[in-house]
A.B. asks: 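I am attaching a structure below and will ask some questions about it afterwards.
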Amino acid sequence: ADASVKNHAILNIVRKGANAVDLVVNPHLITNGKLEVLEKDISGHQEICKEQNISLRLMLEYRTYKAEHLSNICGLIDKLGIEYVFPSTGHRLDSCDENVLAGKYMKKKYPKLNVITNGNIWQKTHYVAIVQAELFGVRFNSVHAAKNCFVGV
């Protein structure tokens with residue numbers, strides 16, 4: 001969506017009580033190398049979030065980019081001081097293992113990023129892999145998935 005539409009959506013959810021915004025980064029700007037436009041776009045969203053005292057968390061789609069693009073966008077996110085990033089939107093087709101690997105890559109290149117993995121996590125082995133990768137957080141897509149990961153913990 002256009003930046004102004006996203007800005008309006010941010011203000012709308014703040015009015016409804018949100019304390020964080022999970023925003024999908026524009027993939028077309030990344031793949032077309034328009035990082036200056038993307039920086040302006042993200043900075044505008046970031047300014048609104050700061051004014052409203054809420055967190056801005058960016059969502060990528062690592063499967064869409066070459067490693068170079070992923071590195072460039074993480075560098076931009078780091079430069080802007082964005083604290084939280086998701087490797088993907090957590091679509092059902094996302095592999096937990098690939099999501100964790102992308103998150104680990106992002107964290108290794110930019111240690112200040114707080115990477116929240118959100119792949120298709122539903123087994124205890126998935127959760128163990130996330131912990132071993134030393135990622136910041138995990139987002140489950142259901143209570144049942146979380147229960148499966150913590151049975152016997």
Side-chain angles (χ1 to χ4, degrees), residues 1-121 126-127 129-131 133-143 145-146 149:
D2 181 81
S4 62
V5 173
K6 286 183 181 180
N7 289 341
H8 178 73
I10 292 170
L11 291 171
N12 190 35
I13 66 168
V14 167
R15 286 186 205 108
K16 293 180 180 182
N19 61 9
V21 174
D22 294 348
L23 189 71
V24 179
V25 175
N26 187 323
H28 302 293
L29 295 177
I30 296 170
T31 54
N32 291 316
K34 297 184 177 185
L35 291 183
E36 289 177 12
V37 176
L38 184 62
E39 181 175 356
K40 184 179 175 188
D41 189 49
I42 293 172
S43 293
H45 307 317
Q46 185 180 29
E47 189 60 35
I48 291 172
C49 290
K50 282 181 182 177
E51 289 170 2
Q52 300 297 322
N53 198 30
I54 62 172
S55 296
L56 175 61
R57 303 184 304 194
L58 298 180
M59 300 181 111
L60 304 174
E61 280 298 354
Y62 70 89
R63 295 175 309 250
T64 309
Y65 316 124
K66 296 177 186 174
E68 173 189 347
H69 289 135
L70 188 58
S71 181
N72 289 342
I73 186 58
C74 288
L76 176 61
I77 291 168
D78 184 60
K79 173 185 162 188
L80 291 172
I82 304 287
E83 292 182 68
Y84 305 100
V85 64
F86 294 89
S88 76
T89 57
H91 189 273
R92 295 234 185 254
L93 296 176
D94 194 3
S95 157
C96 176
D97 294 333
E98 290 176 5
N99 193 293
V100 170
L101 285 173
K104 191 172 181 176
Y105 171 81
M106 294 160 65
K107 184 71 177 170
K108 184 177 180 179
K109 295 231 11 140
Y110 299 95
K112 290 187 279 182
L113 290 180
N114 292 312
V115 179
I116 304 169
T117 188
N118 59 340
N120 194 6
I121 302 155
H126 295 152
Y127 181 74
I130 293 163
V131 171
E134 299 179 350
L135 299 181
F136 175 79
V138 58
R139 174 182 278 173
F140 294 96
N141 61 16
S142 75
V143 172
C149 290

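Quantities reported herein were computed from a predicted structural model and do not represent experimental measurements.
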A.B. asks: With a 4.5 Å heavy-atom cut-off, do Ile73 and Leu38 have their side chains touching?
C.D. replies: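 A side-chain contact exists here, since the closest heavy-atom pair is under 4.5 Å.
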
A.B. asks: Is the shortest side-chain heavy-atom distance between Ile77 and Leu60 below 4.5 Å?
C.D. replies: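 SC-SC contact between Ile77 and Leu60 confirmed.
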
A.B. asks: Give me the atom names and distance for the closest heavy-atom approach of Ala129 to Val100.
C.D. replies: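 It is O-CG1, 4.0 Å.
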
A.B. asks: Can you tell me how far the SG atom of Cys96 sits from the CG atom of Asn120, to the nearest 0.5 Å?
C.D. replies: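 Those atoms lie 8.0 Å apart.
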
A.B. asks: Specify the closest pair of heavy atoms between Val25 and Tyr65, including all atoms of both residues, with the distance to one decimal.
C.D. replies: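 Heavy atoms only, the tightest pair is O-OH, 4.4 Å.
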
A.B. asks: Does anything in residues 56-73 form a salt bridge (charged side-chain N to carboxylate O under 4.0 Å, His left out)? List the pairs, not counting sequence neighbours.
C.D. replies: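 Applying salt bridge (charged side-chain N to carboxylate O under 4.0 Å, His left out) to every pair that reaches into residues 56-73, excluding sequence neighbours, yields Asp22-Arg57, Glu61-Arg63, Arg63-Asp94.
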
A.B. asks: For a quick test of reading the model, state the closest non-hydrogen atom pair linking Tyr110 to Cys74 and the distance between them.
C.D. replies: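 Closest pair (atom of Tyr110, atom of Cys74, distance): CD1-CB, 3.5 Å.
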
A.B. asks: Restricting to pairs with a member in residues 42-53, which pass salt bridge (charged side-chain N to carboxylate O under 4.0 Å, His left out), not counting sequence neighbours?
C.D. replies: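 Found none.
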
A.B. asks: Below 4.5 Å, heavy atoms only, C-beta onward: do Ile30 and Asn72 meet side chain to side chain?
C.D. replies: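 No - every pair of side-chain heavy atoms lies 4.5 Å or more apart.
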
A.B. asks: Hey, could you give me each pair passing salt bridge (charged side-chain N to carboxylate O under 4.0 Å, His left out) that has a residue in residues 103-118? Not counting sequence neighbours.
C.D. replies: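 Matches after skipping sequence neighbours: none remain.
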
A.B. asks: Among Leu29, Leu80, Val37, Asn26, exactly one meets side-chain contact (heavy atoms from CB on, under 4.5 Å) together with Ile42. Which residue is that?
C.D. replies: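 Single side-chain contact (heavy atoms from CB on, under 4.5 Å) partner of Ile42 among Leu29, Leu80, Val37, Asn26: Leu80.
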
A.B. asks: If you look at every heavy atom in Ala145 and Asn141, which pair is closest and at what distance?
C.D. replies: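 For Ala145 and Asn141, the tightest heavy-atom pair comes out as CB-OD1, 4.0 Å.
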
A.B. asks: Restricting to ring pair (Phe, Tyr, Trp, His ring centres under 6.0 Å), what partner residues turn up for Tyr84, sequence neighbours left out?
C.D. replies: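 Expected list: Phe136.
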
A.B. asks: Could you grab the distance from atom CG of Leu113 to atom CG of Leu135, nearest 0.5 Å is fine?
C.D. replies: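 So the gap between those two atoms works out to 11.0 Å.
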
A.B. asks: Would you name the heavy atoms of Ile116 and Arg139 that are closest together and state the gap between them?
C.D. replies: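 Result for this residue pair: CG2-N, 4.1 Å.
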
A.B. asks: Enumerate the residue pairs fulfilling side-chain hydrogen bond (donor to acceptor under 3.5 Å, both in side chains) with a member in residues 10-21, sequence neighbours excluded, ordered by first and then second residue.
C.D. replies: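 Sorted result for residues 10-21: empty, none.
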
A.B. asks: Kindly compute the distance separating CD1 (Ile82) from CG (Asn114), expressed to the nearest 0.5 Å.
C.D. replies: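 So the gap between those two atoms works out to 11.5 Å.
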
A.B. asks: Pick from Val21, Leu58, Ile10: which one makes a side-chain contact (heavy atoms from CB on, under 4.5 Å) with His45?
C.D. replies: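 Only one of Val21, Leu58, Ile10 forms a side-chain contact (heavy atoms from CB on, under 4.5 Å) with His45, namely Ile10.
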
A.B. asks: Return the CD1 to OG distance between Ile48 and Ser43, rounded to the nearest 0.5 Å.
C.D. replies: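 Separation between the atoms: 11.5 Å.
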
A.B. asks: Give me each pair satisfying salt bridge (charged side-chain N to carboxylate O under 4.0 Å, His left out) with a member in residues 76-90, each pair once, sequence neighbours excluded.
C.D. replies: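 Those involving residues 76-90 are Glu39-Lys79.
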
A.B. asks: So which atom in Tyr62 and which in Ala102 form the shortest heavy-atom distance, rounded to 0.1 Å?
C.D. replies: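 So the two residues come closest at CG-CB, 3.6 Å.
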
A.B. asks: Could you tell me the separation between the OG1 atom of Thr117 and the CE atom of Met106, rounded to the nearest 0.5 Å?
C.D. replies: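 So the gap between those two atoms works out to 9.5 Å.
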
